[in-house]
Amino acid sequence: MKCPFCGSLDSRVVDSRPTDDNDRIRRRRECTNCGKRFTTFEIVETTPIMVLKKDGSIQAFNRDKILNGMIKSCEKRPVSTRDLEKACDNIEYKIVNGLKTEVTSTEIGEMVMDELKALDEVAYVRFASVYRQFSDVNTFFEMLSELMKKNNSK
């Protein structure tokens, strides 16, 4: 690490600790040439994940968009914010560990529906009706019928 005071490339780490948010490591260093101390921060380098939208455009992955959509679907439902955060964590974990740099919005939508189905079936139906853009009542009823069959077989 280059000393900001004398430019020497030789320094030693005096102290090392995580930052308050645990996203970085704070290191206190001492220059072996001039003896002055300075602080550096170490972070994990990540490759940004891009989302390929249905219209062909590409956007950076945004966890908040997923959470906001799930919150809207769960409005006036007995689903806690903590449960929604955990569901978002699960989705983000699957995406990041999928080792792909691009993911389609369709893949994300399916993951959201899976998480909502486990949390609250009404929220799942709300999200699915917007996400799948049902064109008529029959399509909507087919999805409800599938859901009811699965519940009756339990």
Side-chain angles (χ1 to χ4, degrees), residues 1-135 143 146-147 150 154:
M1 185 61 59
K2 184 177 175 182
C3 174
F5 304 104
C6 72
S8 172
L9 295 176
D10 195 23
S11 65
R12 66 183 188 89
V13 175
V14 178
D15 182 40
S16 186
R17 65 181 70 168
T19 58
D20 291 338
D21 57 9
N22 285 321
D23 287 344
R24 299 177 284 168
I25 300 291
R26 179 185 179 274
R27 300 200 192 281
R28 282 295 287 161
R29 296 177 177 271
E30 184 177 320
C31 178
T32 56
N33 185 45
C34 68
K36 292 191 177 180
R37 291 186 176 191
F38 56 98
T39 303
T40 60
F41 291 91
E42 182 179 309
I43 61 169
V44 174
E45 184 177 40
T46 58
T47 305
I49 295 172
M50 303 307 286
V51 178
L52 181 60
K53 307 288 277 182
K54 290 178 184 175
D55 66 3
S57 64
I58 297 176
Q59 295 179 356
F61 174 76
N62 185 344
R63 181 184 192 281
D64 292 337
K65 280 183 153 183
I66 294 170
L67 183 59
N68 289 336
M70 292 176 82
I71 288 170
K72 284 179 187 174
S73 297
C74 293
E75 213 168 87
K76 297 183 182 179
R77 298 295 305 154
V79 179
S80 71
T81 305
R82 184 182 208 149
D83 288 341
L84 292 175
E85 288 279 352
K86 188 175 179 186
C88 277
D89 289 344
N90 293 341
I91 293 166
E92 188 173 20
Y93 180 81
K94 289 174 189 172
I95 292 169
V96 169
N97 288 321
L99 301 178
K100 297 191 296 186
T101 56
E102 272 190 8
V103 63
T104 66
S105 59
T106 304
E107 291 172 293
I108 293 173
E110 293 298 324
M111 287 185 233
V112 170
M113 287 198 313
D114 289 343
E115 291 290 333
L116 283 174
K117 191 182 234 182
L119 287 175
D120 185 85
E121 290 177 343
V122 173
Y124 163 74
V125 170
R126 285 178 179 171
F127 185 87
S129 67
V130 173
Y131 174 71
R132 292 215 170 119
Q133 300 173 341
F134 293 138
S135 55
M143 189 200 71
E146 279 182 37
L147 192 59
K150 288 179 183 175
K154 287 183 182 177

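Using a 3.5 Å distance cut-off with no hydrogens or angles, the side chains of Ser57 and Asp55 do pair a donor with an acceptor.
Distance check: Lys2 NZ to Leu9 CG gives 7.5 Å after rounding to the nearest 0.5 Å. Note that the CD atom of Glu42 and the CE atom of Met1 stand 8.5 Å from one another [nearest 0.5 Å]. Annotation: the span from Ile66 atom CD1 to Cys88 atom SG amounts to 6.0 Å, rounded to 0.5 Å. With rounding to the nearest 0.5 angstrom, the NZ atom of Lys36 is 13.0 Å from the OG atom of Ser8. Considering CZ of Arg37 and CD of Glu30, their distance stands at 5.0 Å, rounded to 0.5 Å. Atoms CD1 and OG1, from Ile71 and Thr81 in turn, are 6.0 Å apart once rounded to the nearest 0.5 Å.
In this structure, Thr32 contributes its side chain and Asp10 its backbone to a donor-acceptor pair below 3.5 Å.
Nearest approach of Leu116 to Ala123, heavy atoms of both residues: CD1-O, 4.0 Å. Ile25 and Pro18 get closest at one heavy-atom pair: CD1-CA, 4.1 Å. Heavy-atom minimum distance, Cys34 versus Cys31: N-SG, 3.4 Å. Considering every non-hydrogen atom in both Ser105 and Lys53, the closest pair reads OG-CA, 3.7 Å. Between Gly69 and Phe127, the closest heavy-atom pair is O-CD1, 4.3 Å. Between Ile58 and Glu102, the shortest heavy-atom distance links the atoms CD1-OE2, 3.8 Å.
Other residues, nucleotides and ligands contribute at most 12 non-hydrogen atoms within 6.0 Å of the CG atom of Asp20. Within 6.0 Å of OH on Tyr93 lie no more than 12 heavy atoms contributed by other residues, nucleotides or ligands.
Residues meeting the side-chain hydrogen bond (donor to acceptor under 3.5 Å, both in side chains) test with Ser16, sequence neighbours left out: Arg27. Checked against side-chain hydrogen bond (donor to acceptor under 3.5 Å, both in side chains), Ser80 has the following partners two or more places apart in sequence or in another chain: Asp83.
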- request: Start with the C-alpha distance between Ile95 and Met111, add both sets of side-chain angles, then the distance that settles side chain to side chain contact (heavy atoms under 4.5 Å, CB included), and finish with yes or no.
  value: CA-CA 9 Å; Ile95 292 169; Met111 287 185 233; 3.8 Å; yes
task: Apply the test side chain to side chain contact (heavy atoms under 4.5 Å, CB included) to residues Phe61 and Ile108: give CA-CA distance (whole Å), side-chain angles for both, the deciding distance (0.1 Å), then the verdict.
output: CA-CA 10 Å; Phe61 174 76; Ile108 293 173; 4.2 Å; yes
message: With side chain to side chain contact (heavy atoms under 4.5 Å, CB included) as the criterion, how do Leu84 and Cys74 come out once you've worked through the C-alpha distance, each side chain's angles and the decisive distance to 0.1 Å?
response: CA-CA 9 Å; Leu84 292 175; Cys74 293; 3.7 Å; yes
- prompt: Between Phe5 and Asn33, is a side chain to side chain contact (heavy atoms under 4.5 Å, CB included) present by the stated rule, with each step listed?
  reply: CA-CA 10 Å; Phe5 304 104; Asn33 185 45; over 6 Å; no
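Judged as a salt bridge (charged side-chain N to carboxylate O under 4.0 Å, His left out), the pairs with a partner in residues 59-76 (not counting sequence neighbours) are, in order, Arg63-Glu85, Arg63-Asp89, Arg63-Glu92.
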